Amino acid sequence: MKKFCFPLIAILPLCLSSCGEKVEFPYTDDSDLIYITRNGDNFESSASEVKSLSLLNQKGDLVERIQNGESVFVYCFSYACAGCIATEKAMSNYLKDSSALIHGVYNESADSKVITETLDLIKSGFPELSSVIGDRYFTPSIYLIRSSTKATKVNIDDTRSDTTKLEKQFRDLMNYTNIYEFRTYSPLSAMKEKKDGLFILDKQAKTSFYHTYVYPNAIHSQSLTYRIDVGNYSKEDLRALSTYLGNGETTLIGEFKNGQVASIFNYEKEPERALDLVDSYYSVKVERPAISSEESSTSESGESSAS
């Protein structure tokens, strides 16, 4: 039976941080580093706890992201962990300053099995990550998972109680993309008024338009991307989003300019126009999906009858 081992360290004074040196987290594109999405829901947020500033206990979502080729930042922490308490201030400041999207895996009680279940699930689905994750789970623990076969465990023993040191350490370990993900409408509404960008409505899926065509280009672009995770939107937020877009469909892509919708397409119904937008926005030429033999014969049949 696995046991959690909580380091018996004294809780260090939590002075510091935000009043110290300001650390910037600009967009970077270093092929040796993992690519981190930013949490748009933290835009202008007044939250101050890691639990509120991270995606909490979303193990299914975490596994799907790895399957879809995303890099992920996993932070395991517990209510009864002295090291986690000592890390809380610096970590929460880091999340607010960087807008990094992290998966918080949190044990809220002594009998909670969230950390065990989540890490076991990752190892079961991606066996090549097992050696990095290990068999004994400690808190706090940080894993930077680059892919289904590559991950790194990060040691923060020397930086956990100092925001500036922690932020500098994290800044140098990751690429901070200009992809902002939203699961609620209010921060999206506020941010689009200030920052232009391409938007896409998406649900986690292995064959999603987002992961196939947008994400691989967005991570290498300084241009801003809004990923709107409609799969996790509430009914009220979906209604507000649909009203703003003037369209209730959930497979849409377009651009925000000056707080307005400058273009909008349904990427399932109008794939070529959607791909043209991706090409022009990211200055790329994405490979078009192959036309099936059935579609080809239908097209040829239609052309001959027209002639």
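The structure presented is a predicted model; accordingly, all values stated were derived computationally and were not measured.
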### Query
Should R288 and E272 be marked as a salt bridge (Lys or Arg N to Asp or Glu O under 4.0 Å) after you check the CA-CA gap, both sets of side-chain angles, and the distance that decides it?
CA-CA 8 Å; R288 269 42 178 177; E272 190 61 34; 3.1 Å; yes
### Query
Taking it one step at a time, do C76 and Y143 satisfy side chain to side chain contact (heavy atoms under 4.5 Å, CB included)?
CA-CA 9 Å; C76 301; Y143 304 95; 4.1 Å; yes
### Query
Between Y282 and V214, is a side chain to side chain contact (heavy atoms under 4.5 Å, CB included) present by the stated rule, with each step listed?
CA-CA 9 Å; Y282 297 115; V214 177; 3.5 Å; yes
### Message
If you apply the rule side chain to side chain contact (heavy atoms under 4.5 Å, CB included), what do you find for F209 with I200, and how did you get there?
### Response
CA-CA 9 Å; F209 188 95; I200 179 166; 3.8 Å; yes
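Between Y75 and F77, the two ring planes are parallel [angle under 30°; tilted spans 30° to 60°]. Using cut-offs of 30° and 60° on the angle between ring planes, the pair F199 and F256 is parallel.
We find that R183 and D41 are not joined by a salt bridge, their nearest charged nitrogen and carboxylate oxygen being 4.0 Å or further apart. Between K113 and D120 no salt bridge is recorded (no basic side-chain N to carboxylate O distance below 4.0 Å). At a threshold of 4.0 Å, the pair R65-D61 counts as salt-bridged, since one of the basic side-chain nitrogens sits closer than that to a carboxylate oxygen.
Y106 and I122 are not part of a single hydrophobic cluster, where members link through side-chain heavy atoms under 4.5 Å apart.
Evaluation of the side-chain contact (heavy atoms from CB on, under 4.5 Å) rule for L33 yields D30, N175 as partners, not counting sequence neighbours.
For the atom pair OG (S208) and CD (E64), the distance works out to 10.0 Å, reported to the nearest 0.5 Å.
Aromatic ring centres of Y180 and F43 lie farther apart than the 6.0 Å criterion allows. Ring pair F170/F73: centre-to-centre distance below 6.0 Å.
Between the side chains of T159 and Q169, at least one donor N or O lies within less than 3.5 Å of an accepting N or O.
For the residue pair K153 and V132, the shortest heavy atom distance occurs at N-CG1, 3.7 Å. Considering every non-hydrogen atom in both K59 and T118, the closest pair reads CB-OG1, 3.7 Å. L252 and N266 get closest at one heavy-atom pair: CD2-CA, 4.0 Å.
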